[in-house]
Amino acid sequence: MLNGLNAIVTGSTSGIGLGVAKVLAAKGANLVINGFGDADAIEKERAGLESDFGIKAVYSDADMSKPDQIAAMVDLCASSFGSVDILVNNAGIQHTDPVEQFPAEKWHAILAINLSSAFFSIQAALPHMRAKGYGRIINIGSAHGLVASANKSAYVAAKHGVVGLSKVVALETAGSGITCNTICPGWVHTPLVQKQIEAMADDQNISVEAATDKLLCAKQPSGQFVTPDQIGSLAAFLCSPAAAQITGIALPIDGGWTAQ
Ligand code: NAD
């Protein structure tokens, strides 16, 4: 279904990004993978994507807080494969604290990695997409792009920003064969959430299992985690011809979180 298309998935060495990369590869897209981690583990992932799915994969070590490195990552996709057809802006970090105690450096880092990186990668990718008359930009937002939670000022601000940025890009590209949308996941059991579960278990002196249940039940009516594979499948749908007229939307995949 995505044979011959070339995709960048930022933050794809872990969690949701890795899940999205695997689904796009399974559908036939070549990949630029990106993110931090152990060099041997990343090379194993890259080689595994090629051998498991018969596609080509290259790795970019670009730091998503650095605009020049983001531009180099987009160039790597174009120089390796000849085009940039799909851009999934997924890299993200979290920090929780009340506003009064929120460290300035965490605010700047979250805004840079969770929001500004999407702006700079879209800016670099759009000329390639316009040249081909096809492009799919998928920003991984969050339920926190639509509603708020206490102690997540930077994250909620960044994710609401991503939803707004996606709408602007959708308007500027409407009718050109390019779409831009935000996927808004609820809780997904990844390292980013595991840290929050462990912090809750510590703070409240409860087991990790009890903290996991508590975290889920507080927000997600289904009481079940969303999976990276489900998010990957939704991203693949947004890349398909059936989704050509879906643009500028913020699509929750959240077990009912934002229905409340
Ligand atoms: P994760 O911690 O498992 O993965 C984050 C990825 O981003 C990793 O590959 C990491 O190396 C990469 N990354 C972090 N900083 C980077 C930087 N400066 N440059 C390049 N790569 C960087 O987290 P996850 O839960 O898979 O989150 C992925 C995205 O999904 C984030 O944008 C997050 O906000 C969003 N999200 C997660 C959940 C959830 O419940 N897990 C819910 C909604 C949205």
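Positions are given from 1, in the same order as the sequence printed here. No hydrogens, no waters, no symmetry mates; every other heavy atom, side chains included, goes into these values. From a predicted model like this one, the values you see are computed outputs, not experimental measurements.
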Under the 3.5 angstrom rule, does the side chain of [X] hit a backbone N or O of [Y] as a donor-acceptor pair?
{"X": "Lys159", "Y": "Ile140", "result": "yes"}
{"X": "Ser12", "Y": "Asn34", "result": "yes"}
{"X": "Trp187", "Y": "Leu215", "result": "yes"}
{"X": "Gln101", "Y": "Pro98", "result": "no"}
{"X": "Thr10", "Y": "Asn90", "result": "yes"}
{"X": "Arg130", "Y": "Ser176", "result": "no"}
{"X": "Ser117", "Y": "Asn114", "result": "no"}
{"X": "Gln220", "Y": "Gly255", "result": "no"}

Query raised in the report: Can you pull the salt bridge (Lys or Arg N to Asp or Glu O under 4.0 Å) pairs that have at least one residue in residues 21-38, sequence neighbours excluded?
Result: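 Checked against salt bridge (Lys or Arg N to Asp or Glu O under 4.0 Å) - neighbours excluded - no pair reaches residues 21-38.
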Query raised in the report: Pairs in or reaching into residues 69-98: which pass salt bridge (Lys or Arg N to Asp or Glu O under 4.0 Å), with residues at least two apart or in two chains?
Result: Asp85-Lys132
Less than 4.5 Å apart, side chain to side chain, heavy atoms only: is that true for [X] and [Y]?
{"X": "Ile16", "Y": "Val226", "result": "no"}
{"X": "Ile137", "Y": "Met129", "result": "yes"}
{"X": "Ile246", "Y": "Thr179", "result": "no"}
{"X": "Ile122", "Y": "Leu87", "result": "yes"}
{"X": "Val193", "Y": "Val188", "result": "no"}

Taking side chain to side chain donor-acceptor pair (under 3.5 Å) as the definition, give me every residue that meets it alongside [X], ordered by chain and number, with sequence neighbours left out.
{"X": "His128", "result": "none"}
{"X": "Lys152", "result": "Gln196"}
{"X": "Thr212", "result": "none"}

Going only through I, L, V, M, F, W and Y residues with side-chain contacts under 4.5 Å, is there a path from [X] to [Y]?
{"X": "Val88", "Y": "Ile178", "result": "no"}
{"X": "Ile183", "Y": "Tyr155", "result": "no"}
{"X": "Val84", "Y": "Ile55", "result": "no"}
{"X": "Met73", "Y": "Ile33", "result": "no"}
{"X": "Phe102", "Y": "Ile93", "result": "yes"}

Requested in this report: Indicate whether any N or O donor in one side chain lies under 3.5 Å from an N or O acceptor in the other, for Thr182 and Asn139.
Outcome: no
Please round to the nearest 0.5 Å and tell me the distance separating atom [atom1] of [X] and atom [atom2] of [Y].
{"X": "Leu31", "Y": "Ser80", "atom1": "CG", "atom2": "OG", "value": "11.5 Å"}
{"X": "Asn181", "Y": "Leu234", "atom1": "CG", "atom2": "CG", "value": "9.0 Å"}
{"X": "Lys214", "Y": "Ser207", "atom1": "NZ", "atom2": "OG", "value": "11.0 Å"}
{"X": "Leu216", "Y": "Ser222", "atom1": "CG", "atom2": "OG", "value": "7.0 Å"}
{"X": "Ile8", "Y": "Leu76", "atom1": "CD1", "atom2": "CG", "value": "8.0 Å"}
{"X": "Met64", "Y": "Leu115", "atom1": "CE", "atom2": "CG", "value": "14.0 Å"}

Report task. Determine the interplanar angle of the His189 and Phe225 rings, folded into 0 to 90°, and report it as parallel if under 30°, tilted if 30 to 60°, perpendicular if over 60°. Result -> parallel
Could you tell me which non-hydrogen atom of [X] sits nearest to which non-hydrogen atom of [Y], and how far apart they are?
{"X": "Ala242", "Y": "Phe237", "answer": "CB-CE1, 3.8 Å"}
{"X": "Cys184", "Y": "Val163", "answer": "SG-CG2, 4.4 Å"}
{"X": "Gly28", "Y": "Asn3", "answer": "CA-OD1, 3.3 Å"}
{"X": "Thr247", "Y": "Ala170", "answer": "OG1-CB, 3.3 Å"}
{"X": "Ala124", "Y": "Pro127", "answer": "O-CD, 3.5 Å"}
{"X": "Leu165", "Y": "Ala118", "answer": "CD2-CB, 3.9 Å"}

Report task. Scan residues 41-59 for pairs that pass side-chain hydrogen bond (donor to acceptor under 3.5 Å, both in side chains), counting only residues two or more places apart or in two chains. Result ->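 For residues 41-59, and leaving out neighbouring residues, the side-chain hydrogen bond (donor to acceptor under 3.5 Å, both in side chains) pairs sorted by first residue read Glu43-Arg46, Arg46-Glu50.
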Requested in this report: Would you indicate whether Gln260, at its atom CD, is surrounded by more than 12 heavy atoms from other residues, nucleotides or ligands within a distance under 6.0 Å?
Outcome: yes
